[in-house]
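Heads up, the thing below is written out as structure tokens.
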There are 2 protein chains.
Amino acid sequence: MHNDNGSDSPQVAEASSTLSAKMRRGDLFAEKCPSRDVLKHVTSRWGVLILVALLGGTHRFSDLRRKTVGVSERMLAQTLKWLEGDGFVARKAYPVVPPHVEYSLTPLGREVGLKVQALADWIEGNLPQIMAAQPAPEK
Amino acid sequence: MHNDNGSDSPQVAEASSTLSAKMRRGDLFAEKCPSRDVLKHVTSRWGVLILVALLGGTHRFSDLRRKTVGVSERMLAQTLKWLEGDGFVARKAYPVVPPHVEYSLTPLGREVGLKVQALADWIEGNLPQIMAAQPAPEK
DNA sequence: GTAAGTACGCACATAAAGGTAAGTACCCAT
DNA sequence: ATGGGTACTTACCTTTATGTGCGTACTTAC
């Protein structure tokens, strides 16, 4: 996908020069910016559900699996890894014999979780209006 | 995908009985709820960009195409249709000879747009912290 | 008159996301 | 000792999303 990013235009702001105060965030329209990936993780099919579920407290892997109806183990593990990698989810594994792992939100995770939930809530709340706008629900 | 939705559990709340006050919104954990699709459209790869772009005012098709660097005509048209179908974008076509179409946000669209932008902004603003959390940026 | 721009639609192809099934290592209840 | 639960991983396959390129109908610019 030929992203002719010709000159080395900064995607995320030089992380060690003028950082602190201004911190230019080159996202949205900059394809290579890592924040795009973060957004992807957070708004992924199961990411939203997991974040919201965890807003309700610590959960074990299988608890999440049961609560998030329809998710496969593969995707649950994958999504949790993404969120963990982004620093939103904290994983605590107990070295007991039948595996026991607990997942919870980090302070940062709680923040995004709330934002995501806010968006989801807005959509839910305005669904009737949205549906009313168009009789033919384009798939 | 055997969604054993056994009994007819409401996905979106009966839109004409206990509506007004309570309005049960059966989203998030209800796979069949249309709000899932809306979320998908809104958080899609180009949906976010388009909404943000339109927050800046009315745009023509090719204006959007140029502004949203990297989008293909196909996807731009597709995403605009989704958003139009959801009642977020208003399409106005002038019956002139070289096609002239203008896209803008509806009041509803402006609201979601702001929510989406809020999430995106949060992520952008906290990217340094997010990146700092994990040295290995899981793809 | 030849090229380019406009706003798409259509068909084909690939990439990415997601699902399915099975395996692992070990424990507890029956 | 057989089955089920726990927390995953890996290999394989399907679905969905997105990209590429071409065609249109007509006009203005060169």
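Proteins get letters first, then strands, A, B, ... in listed order; numbering begins at 1 in each. Predicted model, so just to flag it, every value in this text is computed and none were measured.
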Can you pull out the residues from residues 55-64 of chain B that lie within a 4.0 Å heavy-atom distance of DNA chain D? none
Without swapping roles, check the side chain of [X] against the backbone of [Y] for a donor-acceptor pair under 3.5 Å.
X: A:Ser72; Y: A:Met75; answer: yes
X: B:Arg36; Y: A:Arg45; answer: yes
X: B:Ser35; Y: A:Glu124; answer: no
X: B:Thr68; Y: B:Val71; answer: no

B:Ser72 side-chain proximity, nearest of C:dC8, D:dT20, D:dT18: D:dT20
Side chain of A:Glu73, heavy atoms from C-beta onward: which of D:dT9, D:dT18, C:dT6 has the nearest atom to it? D:dT9
Taking atom [atom2] of [N] as reference, at what distance in whole Å does atom [atom1] of [X] sit?
X: B:Arg36; N: D:dT16; atom1: CZ; atom2: P; value: 15 Å
X: B:Arg66; N: C:dA4; atom1: CZ; atom2: C1'; value: 12 Å
X: B:Lys40; N: D:dA17; atom1: NZ; atom2: P; value: 5 Å
X: B:Arg65; N: C:dA7; atom1: CZ; atom2: C1'; value: 11 Å
X: B:Met75; N: D:dG21; atom1: CE; atom2: P; value: 15 Å
X: A:Leu76; N: C:dA21; atom1: CG; atom2: P; value: 18 Å
X: A:Asp37; N: C:dA16; atom1: CG; atom2: P; value: 11 Å

Write down the atom of [X], the atom of [Y], and the distance for their closest heavy-atom approach.
X: A:Val116; Y: A:Val42; value: CG2-CG1, 3.2 Å
X: A:Tyr103; Y: A:Val89; value: CD2-CG1, 3.7 Å
X: A:Leu127; Y: B:Pro34; value: CD1-CG, 4.0 Å

Overall bend - the helix from C:dG1-D:dC30 to C:dT30-D:dA1, comparing terminal axes fitted on five pairs, nearest 10 degrees: 10°
Kindly write out the residues that satisfy side-chain contact (heavy atoms from CB on, under 4.5 Å) with A:Ala93, not counting sequence neighbours, or none if the list is empty. A:Arg91, A:Val101
When A:Ser44 and B:Leu80 are each assigned the nearest nucleotide of DNA chain C, the 5'-most assignment goes to B:Leu80
Hey, what are the protein-to-nucleotides 24-30 of chain C N/O distances that come in under 3.5 Å?
none

So, OP1 or OP2 of C:dG19: does either fall under 4.0 Å of a side-chain N or O from A:Trp46? yes
D:dA11 phosphate, OP1 or OP2: any side-chain N/O from A:Arg74 under 4.0 angstrom? no
Residues 47-60 of chain B side chain polar contacts: donor-acceptor under 3.5 Å, at least two apart:
from	atom 1	to	atom 2	distance (Å)
B:His59	ND1	B:Gly57	O	2.6
B:His59	NE2	B:Lys67	NZ	3.4
B:Arg60	NE	B:His100	ND1	3.4
B:Arg60	NH1	B:His100	ND1	3.0
B:Arg60	NH2	B:Pro99	O	3.2
B:Arg60	NH2	B:His100	ND1	3.4

Residue whose closest nucleotide on DNA chain D lies nearer the 5' end, B:Thr79 versus A:Gln78: A:Gln78
Test salt bridge (Lys or Arg N to Asp or Glu O under 4.0 Å) applied to A:Arg66 - qualifying residues, sequence neighbours left out: A:Asp63
Sorted by chain and number, sequence neighbours left out, salt bridge (Lys or Arg N to Asp or Glu O under 4.0 Å) with A:Glu111 holds for none
Answer with base, sugar-phosphate or nothing: what part of the nucleic acid does A:Tyr103 contact at a heavy-atom distance below 4.0 Å? sugar-phosphate
Name all pairs fulfilling the salt bridge (Lys or Arg N to Asp or Glu O under 4.0 Å) condition that reach into residues 97-109 of chain B, sequence neighbours left out, sorted by first residue then second. none
